[in-house]
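Some notes on the structure that comes next.
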Number of protein chains: 2
Amino acid sequence: MAGDGTIGKACDVLEQVAAFGRPVRFAELLESSSFPKASLYRFLQSLTNQGMLSYDPDRQTYSPGLRLVRLAHSAWTQSSLAPIARPILDGLSLETGETVHLAQLDSSQVLYVDKRNAKNPVEMYSEAGKVGPAYCTGVGKAMLAFLDDDRLDKAISQQSFHRFTDKTLTSEAVLRADLARIRERGFAMDDEEHEPGIICVACPILTSGGRVLGAISITGSTQRMDFDQLKKWVPRVRRSADQIGSEAEAWRFPEGRKDRMQAS
Amino acid sequence: MAGDGTIGKACDVLEQVAAFGRPVRFAELLESSSFPKASLYRFLQSLTNQGMLSYDPDRQTYSPGLRLVRLAHSAWTQSSLAPIARPILDGLSLETGETVHLAQLDSSQVLYVDKRNAKNPVEMYSEAGKVGPAYCTGVGKAMLAFLDDDRLDKAISQQSFHRFTDKTLTSEAVLRADLARIRERGFAMDDEEHEPGIICVACPILTSGGRVLGAISITGSTQRMDFDQLKKWVPRVRRSADQIGSEAEAWRFPEGRKDRMQAS
DNA sequence: AACTTGGTTTCATTATTTGGAACCTCAAAA
DNA sequence: TTTTGAGGTTCCAAATAATGAAACCAAGTT
C-alpha cells in the first residue's frame with residue numbers, strides 16, 4: 001500500500017500482524033508478506049523490541065503489542081472525538097432509545113470510536129476500534145459527502161465496493177450521486193446497504209471551517225421501524241453533531257506547559 | 001532510549017507526541033526532541049501519512065493518530081489477557097465487592113488492561129491503557145518478582161524509584177528484598193507505597209512454564225479495611241490468577257487459515 | 001544418520017536517512 | 001507598503017542503515 005520509507009514498511013508489517021487476528025508464526029507472515037525473509041525478520045525484531053509487537057517464545061508467535069494499547073489511550077483522549085462526545089451521545093441515546101454510533105475516518109475507512117447500545121451496557125473496547133466500510137454505511141457516507149475533492153478522490157479510490165446486500169451502492173458513480181444528495185440535505189441514509197434489515201441516518205460533524213471531524217448515526221432495524229420514523233430524529237442528531245463539532249473546536253489546548261510529561 | 005534503527009526512532013517520536021497529552025506544535029516537539037529539524041519533520045510527515053499521528057491543519061498540531069486505536073483493538077483482543085480474564089474478573093469483583101485490577105508489563109511499566117470498580121460502571125478506555133510504576137504497586141511487584149534474572153535486571157534499571165509516599169520502596173536493594181519475600185509467599189502487598197491510604201494484595205499470572213503474563217490485585221482503603229481483611233482474599237485471588245493463566249495457555253489458536261484477512 | 005522445516009545470522013551491495021543550510025511563507029511590526 | 005522573523009519546508013552530499021541471497025543453525029522426521 002504505502003511507501004514512506006522504512007516507517008511505512010514497518011507499519012505494513014504491524015498491520016499485517018494485526019490483520020491475522022490471532023498470534024502468527026514467522027513463516028505465515030513470510031508467506032503473505034512482500035518482504036524477503038531477512039527483512040521481515042528484522043522488522044519483526046525491531047517492532048518487538050519496541051513493544052509494538054509482542055512475541056510469545058513458547059509458541060513462537062507474534063501479536064500486536066501492548067505498547068499500542070498505551071499509545072491508543074493517548075490517541076483516544078486526544079485525537080478522537082469520544083471524550084467530548086460522550087455526554088452528548090449519552091443524551092442522544094437516552095432520548096431516542098436507539099443505537100447510536102460515533103465514527104471518524106481512518107485511512108478512508110470508518111473507525112467506530114464510541115457507541116451506545118439501547119440494551120447492553122457499554123462494553124467499550126469491543127466496539128471502539130472496529131472498522132467498517134465508508135461507502136455503504138451511514139456515518140461513512142456522511143463523512144465522505146463533506147470531504148474536499150482531493151481527499152474524496154483518494155478515499156473513493158480506496159473503497160472496495162463489495163456488494164454486501166442487494167442494496168449496496170457498488171459503483172463510484174452511484175456513490176457520488178448519493179453523496180451529492182447527502183450534501184444537499186445535510187444527512188446520510190443507509191438503506192440496508194451494509195446489513196440487511198439495518199437502516200440508519202447519520203450526520204457529519206464539521207468544524208466551522210467545514211472540515212470533517214466525524215459523524216454520528218442512529219440505527220434501527222426494519223422490523224421495528226422505517227425511515228419515516230427514523231428521519232424524525234434527524235434534527236436531533238444534527239443538533240448533537242453540531243454541538244460536538246463546536247465543542248471540539250472550542251477545545252483549544254489550555255496553553256500548555258513546556259516540560260515533558262513523565263509516567264513513573 | 002532505544003536504538004532499533006529507523007523504527008526505534010519513529011517510535012520515539014510517536015511516544016514523544018503521545019507524552020504531551022495534548023496536540024503539539026512542531027516547534028514544541030523540536031525543542032524537546034533530540035532530532036534535528038529536518039529529521040523530526042520527516043518523521044512526523046511519514047507517521048502522519050501512515051495515520052499513526054494525526055495532523056490538525058487549522059491549528060498546525062500533531063496528536064496520536066486513530067490508526068493506533070484500530071491497532072490497539074487488535075492488541076487488546078489478542079495479546080492482552082483482558083478478553084480471557086473478563087468473566088473471571090467479574091466473578092472476583094462480585095464476590096469480593098472490592099476494586100479489582102488486571103495489569104501486564106509493558107517495557108518495565110505496569111499497564112492496566114482491565115479493571116472492576118465496586119461502584120462505577122465499567123468506563124473502559126479511561127482505565128485501560130493507563131500506566132503506573134512497577135516498583136511500588138501490588139501488580140507491579142507481583143510481576144517483577146517472577147521475572148527471570150535478565151528481564152528483572154533490565155526492569156529494575158528502568159524504575160525511577162520516585163518516593164510517592166513515605167512508605168515507597170526507594171532503592172533497588174529494598175525492592176529486591178521485597179521481591180524475594182513475594183516469591184516465597186506467592187503474592188505481593190502494596191502497603192500505601194504508591195498512594196497514601198491505598199493498600200492492595202496482588203498475585204502474578206504465570207504460564208505453567210513460569211513465564212509472567214500479568215497480575216491481578218484487590219485494592220482497599222485503610223479507612224475501610226486493613227491487611228488482615230485483605231489477606232483473606234489472597235487464596236481467592238490466587239485461584240483467579242491461576243485460572244486466567246491456564247486459560248490463556250490453553251487458548252491455542254484455532255488452526256488458522258492461510259488467506260489474509262481483509263477489512264472493507 | 002541423513003533430511004526437512006522453520007528460524008537466525010552474515011556481509012558486500014544498495015538505497016535511505018541524515019542534518020546543516022538555504023529557502024519559503026505568512027503575519028505582525030515598522 | 002516594506003521589513004522582519006519565527007515557524008515550516010526543501011535540498012543535497014556525506015553518513016548510515018536497510019537489503020536479501022546465501023549460509024547457517026536447531027529441532028524434529030523419516
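Just so we're on the same page: letters track the sequence lines, and every chain starts at 1.
- At D:dG8, none of the side-chain N or O atoms of B:Tyr41 fall inside 4.0 Å of OP1 or OP2 (strictly under the cut-off).
- Summarising the geometry, the separation between CG on A:Leu29 and C1' on C:dT5 is reported as 17 Å, rounded to the nearest angstrom.
- Residue A:Phe26 contributes atom CZ, which lies 14 Å from atom C1' of D:dC25 at whole-angstrom precision.
- The CZ atom of A:Arg59 sits 18 Å away from the C1' atom of D:dA27 (whole-angstrom rounding).
- Contact annotation: B:Gln60 side-chain N/O to D:dG8 OP1/OP2 distance is under 4.0 Å.
- Checked against ring-ring contact (aromatic ring centres under 6.0 Å, His included), A:Phe43 has the following partners two or more places apart in sequence or in another chain: A:Phe35.
- We find that OH of A:Tyr62 is positioned 11 Å from C1' of C:dG6, with the value rounded to whole Å.
- Ion pair B:Arg211/A:Asp56 flagged as a salt bridge, since at least one NZ, NE, NH1 or NH2 atom sits closer than 4.0 Å to an Asp/Glu carboxylate oxygen.
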**Request:** For each nucleotide in nucleotides 12-26 of chain C, reading 5' to 3', give B when a protein heavy atom comes within less than 4.0 Å of its base, S when such contact involves only the sugar-phosphate, and - otherwise.
**Result:** ----SSBBB------

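- Between B:Tyr41 and B:Phe26, the ring planes lie perpendicular to each other; the angle is over 60°, past the 30° to 60° tilted range.
- Per the geometry, CD belonging to B:Gln45 stands 7 Å off P belonging to D:dT10, to the nearest Å.
- B:Leu44 places its CG atom 15 Å from the P atom of D:dG7, with the value rounded to the nearest Å.
- A salt bridge is absent between B:Arg25 and B:Glu31: the closest approach of a Lys/Arg side-chain nitrogen to an acidic carboxylate oxygen does not fall below 4.0 angstrom.
- Residues A:Gln109 and A:Pro133 have side chains not in contact (no heavy-atom distance under 4.5 Å, counting atoms from C-beta outward).
- To the nearest angstrom, C1' of D:dA6 lies 14 Å from CD of B:Glu28.
- Here the P atom of nucleotide D:dT19 and the CG atom of A:Leu40 are 11 Å apart, to the nearest Å.
- At distances below 3.5 Å, at least one donor-acceptor pair connects side-chain atoms of A:Arg183 with backbone N or O atoms of A:Ala145.
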